[in-house]
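For reference, the structure discussed in these notes is given below.
Reminder, nothing fancy here: chain letters follow the sequence lines and each chain counts from 1. Predicted model only: the values in this text are computed from it and were never measured.
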There are 2 protein chains.
Amino acid sequence: MSGMATADTALRADARRNRDAVIDAAGALFAERGDDVQMGEIAQRAGLGVGTLYRHFADKQSLRAAIIGRRFEAMAELARSCAQVEDAGDAFESLLLGYLSEVEKDVAFRVALLSPTPAHWDDIEKQKESFSAAVSEVVDRAVTEGHLRADFTAADFILVTRGTIANMTEEGDWRRHLTLQLEGALTKDAPTKGAPTRGAPGQSPRDSGR
Amino acid sequence: MSGMATADTALRADARRNRDAVIDAAGALFAERGDDVQMGEIAQRAGLGVGTLYRHFADKQSLRAAIIGRRFEAMAELARSCAQVEDAGDAFESLLLGYLSEVEKDVAFRVALLSPTPAHWDDIEKQKESFSAAVSEVVDRAVTEGHLRADFTAADFILVTRGTIANMTEEGDWRRHLTLQLEGALTKDAPTKGAPTRGAPGQSPRDSGR
DNA sequence: CTAGATTCGGAACCGGAATTCAGGTTCATA
DNA sequence: TATGAACCTGAATTCCGGTTCCGAATCTAG
C-alpha cells in the first residue's frame, strides 16, 4: 500500500539525472508533436543514446505512459487546489480554464484525453479518478450555489471539456465553443453574453465569425 | 446529374465489380476499426489479392480518401435534403440527429472529422464546402425562426457536432453532451430537465422528420 | 473461337522505426 | 585510488506493414 510507483529506487546519481532528461525531452517533444516522434529523436534531444531510453523505460509506450501520467497528476493537483478556492463560481471557473489552458499546450495529452484509454493504462486510471474526485467537489459546490444547472456532474465536466478539446485545432475556435456550451450549462441568468431570446427581427445570414 | 469523380471511365466489367468490392470491404473495415486495418485484410475481405487494390488506388491513403469522400458526399446530400424540410426546427433537428447518427457508425469518419484535414485532401475540401453551404441554409433558417440563438452559425454547428463526436466513446454518452450544448444553443426556453428556471415547450425527444 | 489487351494474385521486396546487445565508460564504495 | 557493479552508446537487428512485379487468368472485340 505504498511506494509502488517509479520513484525512489536508489538510482545512481547520473542515472537519475539522465532519466529526468529523458522525461523532459520526451515531454516536450510529445507535447509539441503528439505521437509522431521517434525514440532516436528523443534520445538526441536528451543528449543521450537510444539505449539509455530503454534502460529507463521498457518501450515507447511506457515512456509515453509515464509522461501522460505526469500530466494527469498535475491536473489532479490543479483540481485539488481549485477545490480550496473560497467562491464556488471562481473555483469552477479557474478549474475549467486552468485545465483547458494546460491541455492546450500538449498535443499528446489532448490525444490521450480524446482516445479511449489503452487498457494496460490502469495505473493512470488511478490518477484519473483522483482528478475526477476533486472535480466533483468543485462542480458540486458550484451546483449547490446555483452557478450550474442542477443536474450537472463531474461526468458532464468531462463531456464539456472533451468537446472543447476536440475543437482545439487550427480553425475551430474553442473559446467560442466553450461559451456555447456554458450558456447552456450555466444557470439560466447568464450575464456573460447578450443572448436575446425574444422575437427575431431579421438578422443578416451572411455574417463571418469574429 | 453531372458525372463527377472517378466513375464511368469504361472499365472492364469485372474490374468495376472488383473495384466496388474493394470499396465495400474497405468501407466496412475502416468504419469498424478506423485506420488500423491493413491492406492485406481489406483485400482478403474483398476476396481479392492485394495487387488488385493497388490497381484501383494508388496507395492506402488514396483508398481511404475515396472512402471518406463518399461519406462527405453522403452528408452533403443529407444536408441538402434537410434543407428542403418545411419546418425550420424539424429541418435543423433532423440534420443534427441524422448527421450524428451517421457519424456514429463510422470510426474512420469520426477520426477524419476530428483531425485536421491532411492537406492533399483538397478534393474532399470541396465536399466539405458543399456540406457546409447546405448546413448554413438550415441553420440560418432555424435562427431566423427563433429556434437557435441569434448568433449561431454553420461554423458553430461544426463546433457542436465535433464536440459531440469527441464524446462518442465507450463511456461518455454523447446524447447527454448534445443536450447540454443544445440547451445553451437553443433559444432560452429549455424546460427539458428540472432546471430552476421557468419552462416552455420542450425539445428533446422530438419526432423525426416526416 | 481466338488473339491480345486488361486485370488479377500474392510472394518477394523495401523502408522506416522500434528494440537489442556487445563492448566501453562512469559512479560509488572500501 | 582501485574495483566491480551500474550505466551508457549506437550500430546492427528485428519487426511490420505498405508497395511492387510479373507470370497466370480473364475478358472482349472481331
Side-chain angles (χ1 to χ4, degrees), chain A residues 6-30 32-68 107-108 111-112 118-121, chain B residues 6-30 32-68 107-108 111-112 118-121:
Chain A
T6 37
D8 62 338
T9 332
L11 279 184
R12 222 168 70 176
D14 60 336
R16 151 144 283 112
R17 185 172 32 260
N18 289 338
R19 205 184 66 97
D20 290 346
V22 170
I23 291 181
D24 287 349
L29 253 14
F30 281 145
E32 192 173 306
R33 307 215 307 274
D35 204 11
D36 64 1
V37 177
Q38 34 238 75
M39 295 302 263
E41 196 173 0
I42 295 174
Q44 179 164 34
R45 166 140 180 179
L48 301 168
V50 250
T52 305
L53 303 209
Y54 288 92
R55 166 161 294 279
H56 296 291
F57 301 92
D59 51 30
K60 195 180 186 182
Q61 195 63 359
S62 305
L63 174 52
R64 143 155 297 191
I67 304 293
I68 298 297
V107 186
V111 172
H120 357 273
W121 250 210
Chain B
T6 37
D8 62 338
T9 331
L11 278 185
R12 220 168 73 176
D14 60 335
R16 151 144 281 113
R17 184 172 32 261
N18 289 338
R19 205 185 61 99
D20 291 346
V22 170
I23 292 182
D24 287 349
L29 252 14
F30 282 144
E32 193 173 305
R33 308 216 304 275
D35 205 11
D36 65 359
V37 176
Q38 33 241 76
M39 294 304 262
E41 196 172 0
I42 295 175
Q44 178 164 35
R45 166 138 179 181
L48 301 167
V50 251
T52 304
L53 302 210
Y54 287 91
R55 166 160 296 279
H56 296 292
F57 300 91
D59 52 30
K60 194 181 185 181
Q61 195 64 358
S62 306
L63 174 52
R64 145 155 297 187
I67 304 293
I68 299 296
V107 185
V111 172
H120 357 271
W121 250 212

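A heavy atom lying under 4.0 Å from DNA chain C marks none of the residues of residues 61-68 of chain A. Interface residues of residues 37-48 of chain A facing DNA chain C, ordered by number: A:V37, A:Q38, A:M39; criterion, heavy-atom separation under 4.0 Å.
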Side chain to side chain contact (heavy atoms under 4.5 Å, CB included) evaluation trace for A:H56 with A:T52: CA-CA 7 Å; A:H56 296 291; A:T52 305; 4.0 Å; yes
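One end of the helix from C:dC1-D:dG30 to C:dA30-D:dT1 points its axis 10° away from the other end's axis, with each axis taken from 5 pairs and the angle rounded to 10°.
Evaluation of the side chain to side chain donor-acceptor pair (under 3.5 Å) rule for A:D59 yields A:S62 as partners, not counting sequence neighbours. Among residues two or more places apart in sequence or in another chain, the salt bridge (charged side-chain N to carboxylate O under 4.0 Å, His left out) test is passed with A:R17 by none. A search for side chain to side chain contact (heavy atoms under 4.5 Å, CB included) contacts involving A:A112 returns A:I68, not counting sequence neighbours. By the side chain to side chain contact (heavy atoms under 4.5 Å, CB included) test, A:D35 is found to be paired with A:F30, A:K60, A:R64, residues two or more places apart in sequence or in another chain being considered. With sequence neighbours excluded, the residues that form a salt bridge (charged side-chain N to carboxylate O under 4.0 Å, His left out) with A:D14 are A:R12. With sequence neighbours left out, the side chain to side chain contact (heavy atoms under 4.5 Å, CB included) criterion links B:A66 to B:F57.
As a whole-Å value, the separation of B:L53 CG from C:dG9 P is 10 Å. What separates OH of B:Y54 from C1' of C:dA12 is a distance of 14 Å, to the nearest Å. To the nearest angstrom, C1' of C:dG16 lies 12 Å from NZ of A:K60.
How far CG of A:N18 is from CD1 of A:I23: 11.5 Å, rounded to the nearest 0.5 Å. Taking CD1 of B:I67 as the start and CG of B:L29 as the end, the distance is 10.0 Å to the nearest 0.5 Å. Taking CZ of B:R19 as the reference point, atom CG of B:D24 lies at 10.5 Å (rounded to 0.5 Å). One distance of note links CD of B:Q61 with NE2 of B:H120; it measures 6.0 Å at 0.5 Å rounding.
When distances are taken from the side chain of A:V50 to each of C:dT7, C:dT20, C:dG10, the shortest belongs to C:dT20.
Inter-residue side-chain proximity for A:E32 and A:V107 is flagged as unmet; no heavy-atom pair is nearer than 4.5 Å. Using a 4.5 Å heavy-atom threshold, the side chains of A:I42 and A:L48 count as separate.
Mapping heavy-atom proximity under 4.0 Å, the span of DNA chain D touched by chain B runs 5' to 3' from D:dG17 to D:dT28.
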Protein proximity profile, nucleotides 23-30 of chain C - base contact B, sugar-phosphate-only contact S, no contact -, cut-off 4.0 Å on heavy atoms: ---BSS--
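Applying the salt bridge (Lys or Arg N to Asp or Glu O under 4.0 Å) test to residues at least two apart or on different chains, the pairs with a partner in residues 40-49 of chain A are A:R33-A:E41.
The phosphate of C:dC8 (OP1 or OP2) has a side-chain N or O of B:H56 nearer than 4.0 angstrom.
Shortest non-hydrogen contact noted between B:G49 and B:A43 is C-CB, 3.8 Å.
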